[in-house]
Amino acid sequence: MESTIKKLISKEQIDQRLEELANEIDRDYKGKEIIAIIVLKGAAFFGIELSLKLKSNVQFEFVKISSYLGTESTGKINNELDIDESKVNGKDVLIIEDIVDTGTSMDYLIKHLSNKNPKSLKVCSLLSKPSRRKVNVHIDYLGFEVPNKFIVGYGFDDEKGLNRNLPFIGYKEV
Ligand code: IMP
Ligand code: MG
């Protein structure tokens, strides 16, 4: 089926929002060292661009979980790349995610990382789709709320694994 990509949020809007989020994070973590845990693959783009705007001391870790088959959440989480407890124990941990959709993945990640005894654990997500929520999760730093559309671009891929590298946030209209 033919599908076209509509622009939802421009690169200029993303850059400006990232600047605001970075300032907020720097203020909140003053004098602390942040362990930023970037959730692969989607949040790699957001995580890196946000990090470049941070003035705080940051260490980077990556985790990889997946719950999607095509465009539908399976509800079951696969932990494909985990993080050692020593990297989290007693640290100020900030999860950097691309989107909180049903909330299943983030709920899992929060519980999973909490078990590794961080000193603090916060969530930064570029997008949230509140209309799709099944599990309630608190987002400490949120970029944008988006409508119930299938998002592509700026890290978000489609069912074929494509369109992550579009320099804007769009959605697919079928
Ligand atoms: P959740 O567990 O339903 O909250 O899904 C979270 C994960 O699904 C995110 O980390 C994304 O990787 C993926 N996802 C959710 N919505 C979209 C979308 O609209 N486009 C692309 N990926 C999405
Ligand atoms: Mg993801």
Side-chain angles (χ1 to χ4, degrees), residues 1-11 13-15 17-18 21 25 34-51 60-83 88 93-116 118 121-174:
M1 200 189 295
E2 269 298 295
S3 65
T4 52
I5 293 171
K6 295 261 170 71
K7 191 183 275 192
L8 197 62
I9 304 168
S10 71
K11 186 63 167 67
Q13 286 172 292
I14 296 171
D15 286 341
R17 189 69 190 114
L18 264 54
L21 286 176
I25 293 168
I34 303 171
I35 307 296
I37 300 186
I38 297 177
V39 186
L40 297 174
K41 301 174 196 172
F45 298 70
F46 166 52
I48 286 161
E49 291 215 328
L50 175 71
S51 307
F60 295 93
E61 299 295 339
F62 297 88
V63 294
K64 186 168 187 224
I65 56 174
S66 64
S67 68
Y68 263 59
L69 276 180
T71 58
E72 270 313 303
S73 177
T74 61
K76 187 185 168 298
I77 310 287
N78 299 311
N79 196 335
E80 297 177 29
L81 173 65
D82 202 359
I83 181 175
V88 168
V93 174
L94 180 61
I95 302 171
I96 301 186
E97 177 58 303
D98 53 8
I99 189 168
V100 179
D101 184 24
T102 63
T104 314
S105 307
M106 188 51 80
D107 181 61
Y108 166 84
L109 207 52
I110 291 170
K111 286 178 180 148
H112 183 70
L113 292 173
S114 295
N115 284 334
K116 299 178 193 287
L121 182 62
K122 284 189 176 185
V123 173
C124 176
S125 182
L126 175 62
L127 303 182
S128 171
K129 258 189 231 171
S131 61
R132 292 256 305 164
R133 205 73 91 244
K134 286 187 187 147
V135 188
N136 197 28
V137 293
H138 179 71
I139 305 172
D140 298 277
Y141 306 98
L142 174 65
F144 305 92
E145 276 191 2
V146 290
N148 187 11
K149 305 267 189 201
F150 193 77
I151 304 293
V152 291
Y154 199 72
F156 295 91
D157 65 336
D158 61 19
E159 67 284 358
K160 291 185 185 142
L162 297 174
N163 289 311
R164 275 193 210 278
N165 57 323
L166 292 176
F168 59 86
I169 295 169
Y171 66 91
K172 266 202 163 180
E173 198 145 80
V174 270

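Just so you know, ligand 1 is whichever comes first in the structure, and atom 1 is the first atom listed for that ligand.
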**Q** For Arg132, state whether at least one heavy atom is located under 4.0 Å from any atom of ligand 1.
**A**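 In this structure, Arg132 fails to qualify as a contact of ligand 1 - no heavy atom is under 4.0 Å.
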**Q** Looking only at distances, can you tell me whether any N or O atom of Val152, backbone or side chain, sits closer than 3.5 Å to an N or O atom of ligand 1?
**A**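 No, Val152 has no N/O under 3.5 Å of an N/O on ligand 1.
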**Q** Tell me whether Arg17 contacts the main-chain N or O of Leu126 through its side chain, where contact means a donor paired with an acceptor under 3.5 Å.
**A**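 Not at all, since once roles are kept as given, no pair shorter than 3.5 Å links the two residues.
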**Q** Using a 4.0 Å cut-off to any heavy atom of Lys149, which atoms of ligand 1 qualify?
**A**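 Contacts of ligand 1 toward Lys149, numbered from 1: 19 (O).
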**Q** Is it true that Lys134 lies under 4.0 Å from ligand 1, counting heavy atoms only?
**A**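 Distance cut 4.0 Å: Lys134 fails for ligand 1.
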**Q** Check this for me: does any side-chain nitrogen of one of Glu49 and Lys11 sit under 4.0 Å from a carboxylate oxygen of the other?
**A**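 So Glu49 pairs with Lys11 through a salt bridge.
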**Q** Would you check whether Ile151 has a nitrogen or oxygen atom less than 3.5 angstrom from a nitrogen or oxygen atom of ligand 1?
**A**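 In this structure, Ile151 places an N or O atom under 3.5 Å from an N or O of ligand 1.
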**Q** Strictly distance-based, threshold 3.5 Å: is any side-chain N or O of Lys6 a donor or acceptor partner for the main-chain N or O of Gly170?
**A**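 It does not hold such a pair.
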**Q** Does Glu97 come within less than 4.0 angstrom of ligand 1, counting non-hydrogen atoms of the residue?
**A**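 Right, Glu97 reaches ligand 1.
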**Q** For atom CG of Asn115, decide whether the heavy atoms of other residues, nucleotides or ligands shown that lie under 6.0 angstrom number more than 12.
**A**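 Yes.
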**Q** Less than 3.5 Å between some nitrogen or oxygen of Asp157 and one of ligand 1, yes or no?
**A**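 No, no N or O pair falls under 3.5 Å.
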**Q** Have a look at Leu126, Thr102, Val39 and point out the one with the heavy atom closest to atom 1 (P) of ligand 1.
**A**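 Among Leu126, Thr102, Val39, the closest heavy atom to atom 1 (P) of ligand 1 belongs to Thr102.
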**Q** Is any NZ, NE, NH1 or NH2 atom of the basic residue among Arg164 and Asp98 found under 4.0 Å from an Asp or Glu carboxylate oxygen of the other?
**A**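 Looking at Arg164 and Asp98, the cut-off is not met.
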**Q** Do side-chain atoms of Asp140 reach the backbone of Lys122 as a donor and acceptor pair under 3.5 angstrom?
**A**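 Flag not set: sc Asp140 to bb Lys122 has no pair under 3.5 Å.
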**Q** If you measure from atom 23 (C) of ligand 1 to every heavy atom of Ile99, Ile77, Ile169, which option wins on shortest distance?
**A**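 The option holding the nearest heavy atom is Ile99.
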**Q** Provide the number and element of each atom of ligand 1 under 4.0 Å from a heavy atom of Lys129.
**A**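 Listed by number with element: 16 (N), 17 (C), 18 (C), 19 (O).
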**Q** Would you please test Asp158 and Asn163 for side chain to side chain donor-acceptor pair (under 3.5 Å) and show each step?
**A** CA-CA 6 Å; Asp158 61 19; Asn163 289 311; 2.9 Å; yes
**Q** Enumerate the atoms of ligand 1 whose separation from the nearest heavy atom of Thr104 is less than 4.0 angstrom.
**A**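 Counting atoms of ligand 1 from 1, those under 4.0 Å from Thr104 are 2 (O), 4 (O).
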**Q** Pull out every atom of ligand 1 sitting under 4.0 Å from any heavy atom of Ser105, numbered as shown with elements.
**A**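 Reading through ligand 1 atom by atom, the close ones are 1 (P), 2 (O), 5 (O), 6 (C).
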**Q** Is ligand 1 less than 4.0 angstrom away from at least one heavy atom of Leu127?
**A**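 The answer is no, since Leu127 has no heavy atom less than 4.0 Å from ligand 1.
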**Q** Is ligand 1 less than 4.0 angstrom away from at least one heavy atom of Gly42?
**A**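 Per 4.0 Å heavy-atom rule, Gly42 does not contact ligand 1.
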**Q** With side-chain contact (heavy atoms from CB on, under 4.5 Å) as the test, pick out the partner of Ile95 among Ile139, Leu109, Val63.
**A**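 Checked Ile139, Leu109, Val63 against Ile95; only one passes side-chain contact (heavy atoms from CB on, under 4.5 Å): Leu109.
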